[in-house]
Every structure is written in C-alpha cells, then in structure tokens.
Trainee: 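My structure is below; once you've seen it, I'll send some questions.
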There are 2 protein chains.
Amino acid sequence: MARQRADSRKARKEVGDIPIPQDIADSICSCGGVEGLIESLPADDSIERMQRWYQACADPVRLKILSLLMVRPLCVCVIKAVLQMADSKLSYHLNILKKAGMIEGEQQGYYIIYNLTDQARVFLERERERLSSL
Amino acid sequence: MARQRADSRKARKEVGDIPIPQDIADSICSCGGVEGLIESLPADDSIERMQRWYQACADPVRLKILSLLMVRPLCVCVIKAVLQMADSKLSYHLNILKKAGMIEGEQQGYYIIYNLTDQARVFLERERERLSSL
DNA sequence: GTAATATTTCAATAATATTTGAAATGTTTT
DNA sequence: AAAACATTTCAAATATTATTGAAATATTAC
C-alpha cells in the first residue's frame, strides 16, 4: 500500500509516523497538511505557562480566592474566615496561585495582604464579562 | 476577649467560626465584612462549571487539540497523526473537552470530525488576543 | 454477512494534586 | 529576649487524573 502523505518538503523519520487516508490528507491540504498543523502548534514553554495558569483556575478553593480578591486585596486571615479552612490548606492554594503569577502577597505588619496581579485582573474581568454574556 | 465581628445582621453558629482582628475587620467594613464577602462568592454550580472549563484547558495535550481546532475542524485520525499518540489516550482527552463543552464531534462517514463549540472559540480567540498583548 | 477502518470504552497501573496535622518561620508587642 | 500572632513548610495519607493495551462499538466497503 502506498504512503498517503506527500514527503516533498522535508525528510522525516518514518518510524512512529501515523498514516492518514488520502481523502483526509486532501482535505487538510490548504492548511499545510499534517506538517503545517504541527508547525502551527504553540511552543512548549507557551503551552506550559498556559497549563499552569488554567490549572491554577481549575479548583473551587482557588476560584473562590480569586473571586474574593476581585473585591479587594485581603489578608490570609480574612480569606480563611470567609472560606473556613485550615491555614495550611489555604496556604497551599495561595502558593499555587502565586506560582502561576495570578496573585502577589505583601507583608504588612502582622499580616500578608494578597492581591491579584494585573494580568490576573485583566483575565478575570474579561472572563466575568464573557460568562455574563452567555 | 470580646468577639471582633458584628453579629447584628443575622445569627450564625459560633462553632467553626474564625475570629479576625479588629483592625482587619474595620478594613473590610466597606465591602460588608466577612458576611459581605461570603455573599459575593459565585454560586456552587457556577464554580463547578468554571472549574470543569479551566481544568479542560489545564493539560498540554488538550491545549494542543484546542490549538489545532482553531485552525479548522479535524477528524481524530489527523489529530492523532499530528500529536503522535495512542487512540485511547487521544479519545480520553477529546472526551474531557467534550464534557467541558469546548468541542463537539460529528460523524461523517468513517470519520468523526471534531470542532470547537462557539463558546470555546470565543474564549480561545480572546485568550489568544490577551496573551499576545503581554 | 464478513472484512476493514475509525473511534471509544474498560480495567489496571502510574503519575499528580490535594488534604491534614505538626513543626517551623517570621513579625510585632511587651 | 520571651510571648503572641500570622503564615508557611513539611511529610504522610488520600484522592484525583492520566496513561496503557486490550476489547468493544460503529460505520463503510466488499
């Protein structure tokens, strides 16, 4: 059986190469075929950053923290009083949001006041808008 | 030591109630205090939907699938050829995106052609715009 | 109907993420 | 410097999610 995809542009190793039917190959011709699609993928570091960002949003506790910080900057003790959870648990989630670049904490006397980063605020405002228009 | 938060508005059970310092209580007075913040939280079902949505985005394989479908609708076999992975793995991830409401599949002859939902397309276009302006 | 193709489902395993409670850190007050 | 308070870190236990390969389903071609 003949290979279905054109090998014209550059040599690729055949091992692990997954063949696709001719009619399907034709249909994706205008976007550069499989090769073109591969090239259109975001770079790995970009994918990683997106993954960390969305992962940070993918938890009820963290969504609630973000929602609270949309109202105003808050110290850990208030977030804890609102969400009613153990210190260490809250701290764990704050740290994930911090690592994702969504929040920053500033020590003020006894307390650490957390606030959204500019990036996160933009994102959350856009999302609020988008979700309200569904 | 006296309780720090006003109990004026409604009776709440004291058990599990986390006290906050007076100065902090004062500082969040303008947003309704702890009670006000609790009321400002999104409803549970809303939180759940958001969680499922962002969770769907929080994986490299799925981000790549979404990126590919931004180019054009594609059948499973092309996605497989681009991402070079086992059928069952790909199917697993497609299913998660489908459950989150981000993609839909339509059987066409042999193939199932997957496409982004309108919601997902709006989201991804906005995100692309936002991320490019960083 | 049988064979061929495309995709999904299933069950077991592996990998990650979350929760928990105790101990540690860092700040302020005395 | 000791006590009090706010928050974080750590290690163990639990829960969730992802991967794998085999078997099942569904569609089309013969």
Side-chain angles (χ1 to χ4, degrees), chain A residues 1 4 16 18-25 27-28 47-48 51-65 73-100 103-115, chain B residues 1 4 16 18-25 27 48 51-65 73-100 103-115:
Chain A
M1 193 212 282
Q4 293 88 342
I18 296 162
I20 59 175
Q22 186 58 50
D23 55 338
I24 290 289
S27 78
I28 59 172
I47 292 274
E48 255 177 66
Q51 180 188 355
R52 202 171 322 115
W53 184 271
Y54 298 128
Q55 178 72 44
C57 298
D59 178 278
V61 171
R62 298 194 290 266
L63 284 170
K64 286 174 189 172
I65 292 171
L74 293 170
C75 76
V76 179
C77 65
V78 168
I79 301 174
K80 177 181 155 192
V82 172
L83 300 185
Q84 304 258 71
M85 62 178 59
D87 292 329
S88 61
K89 181 173 174 179
L90 182 49
S91 194
Y92 168 78
H93 288 290
L94 288 170
N95 191 243
I96 285 182
L97 290 168
K98 192 157 59 177
K99 278 190 197 151
I103 66 173
E104 324 178 277
E106 193 197 355
Q107 185 100 34
Q108 278 186 23
Y110 268 153
Y111 315 111
I112 297 175
I113 310 291
Y114 277 97
N115 198 1
Chain B
M1 194 213 278
Q4 291 90 343
I18 296 161
I20 59 176
Q22 186 59 50
D23 55 338
I24 289 289
S27 78
E48 255 175 64
Q51 179 188 356
R52 201 171 322 117
W53 184 271
Y54 298 128
Q55 178 71 43
C57 298
D59 177 279
V61 171
R62 297 194 290 266
L63 284 170
K64 286 175 190 170
I65 293 171
L74 294 170
C75 76
V76 179
C77 64
V78 169
I79 301 174
K80 177 180 156 191
V82 173
L83 301 184
Q84 305 257 68
M85 61 179 59
D87 292 329
S88 61
K89 180 173 174 178
L90 181 50
S91 194
Y92 168 78
H93 288 290
L94 288 171
N95 191 240
I96 285 181
L97 290 169
K98 193 157 55 174
K99 277 191 198 152
I103 66 174
E104 322 178 280
E106 191 196 357
Q107 184 100 31
Q108 278 185 23
Y110 268 151
Y111 315 112
I112 296 175
I113 311 290
Y114 276 97
N115 196 2

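The analysis underlying the following values was restricted to heavy atoms, covering all of them including side chains, and did not include hydrogens, waters or symmetry mates. Chain letters run A, B, ... following the sequence lines, proteins first, then strands; residues in each count from 1.
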Trainee: Taking all atoms of both residues into account, what is the closest heavy-atom pair of B/Leu63 and A/Ile47, and its distance?
Mentor: CD1-O, 3.6 Å
Trainee: With respect to the side chain of A/Leu94, which nucleotide from C/dT18, C/dA6, D/dT8 is positioned closest?
Mentor: D/dT8
Trainee: So if I take every side-chain heavy atom of A/Ser88 and compare against C/dT18, D/dT9, C/dT8, which nucleotide ends up nearest?
Mentor: D/dT9
Trainee: What is the distance, to the nearest angstrom, from the CG atom on B/Leu90 to the P atom on C/dT9?
Mentor: 13 Å
Trainee: Let me know, please, whether B/Tyr92 or A/Arg62 comes out on the 5' side of the other along DNA chain C by nearest nucleotide.
Mentor: B/Tyr92
Trainee: Rounded at 0.5 Å granularity, tell me how far CG in A/Asp87 sits from CD1 in B/Ile18.
Mentor: 8.0 Å
Trainee: Is the distance from OP1 or OP2 of C/dT8 to the nearest side-chain N or O of B/Tyr114 less than 4.0 Å?
Mentor: yes
Trainee: On a heavy-atom basis, which atom in B/Ala81 and which in A/Ile20 lie closest, and how many Å separate them?
Mentor: CB-CG2, 3.6 Å
Trainee: I need the A/Asn95 CG to A/Arg62 CZ distance, nearest 0.5 Å.
Mentor: 10.5 Å
Trainee: Output yes when at least one side-chain N/O atom of A/His93 is less than 4.0 Å from OP1 or OP2 of C/dA17, else no.
Mentor: no
Trainee: Quick check on DNA chain C: between A/Ala58 and A/Gly109, whose nearest nucleotide comes earlier from the 5' end?
Mentor: A/Ala58
Trainee: Could you state the atom-to-atom distance from NZ of B/Lys89 to P of C/dA14 in whole Å?
Mentor: 16 Å
Trainee: Would you classify B/Ile96 as touching base, sugar-phosphate or nothing, given that sugar-phosphate means primed atoms plus P, OP1 and OP2, and contacts are heavy atoms under 4.0 Å?
Mentor: sugar-phosphate
Trainee: Of all the nucleotides listed (D/dT8, D/dT17, C/dT8), which has the minimum atom distance to the side chain of B/Ile112?
Mentor: C/dT8
Trainee: Starting from P on C/dA15, measure out to CG on B/Asp59 and report it in whole angstrom.
Mentor: 16 Å
Trainee: Considering all heavy atoms of both residues, which atom of B/Cys75 and which atom of A/Ile24 are nearest to each other, and what is their separation?
Mentor: SG-CD1, 3.8 Å
Trainee: To the nearest Å, how far apart are B/Met85 CE and C/dT8 P?
Mentor: 14 Å
Trainee: Closest approach to the side chain of B/Asp87, judged atom by atom: which nucleotide of C/dT7, D/dT8, C/dG21 is it?
Mentor: C/dT7
Trainee: Nearest whole angstrom, please: distance from the C1' of D/dA6 to the CD1 of B/Ile24.
Mentor: 10 Å
Trainee: In whole angstrom, give the distance that lies between atom CD of A/Gln51 and atom C1' of C/dT16.
Mentor: 11 Å
Trainee: Report the distance from atom CG of A/Asp23 to atom P of D/dT28, rounded to the nearest whole Å.
Mentor: 13 Å
Trainee: In whole Å, what is the span from the OH atom of A/Tyr111 to the C1' atom of C/dT29?
Mentor: 12 Å
Trainee: Any side-chain N or O of A/Tyr110 below 4.0 angstrom from OP1/OP2 of D/dC5?
Mentor: no
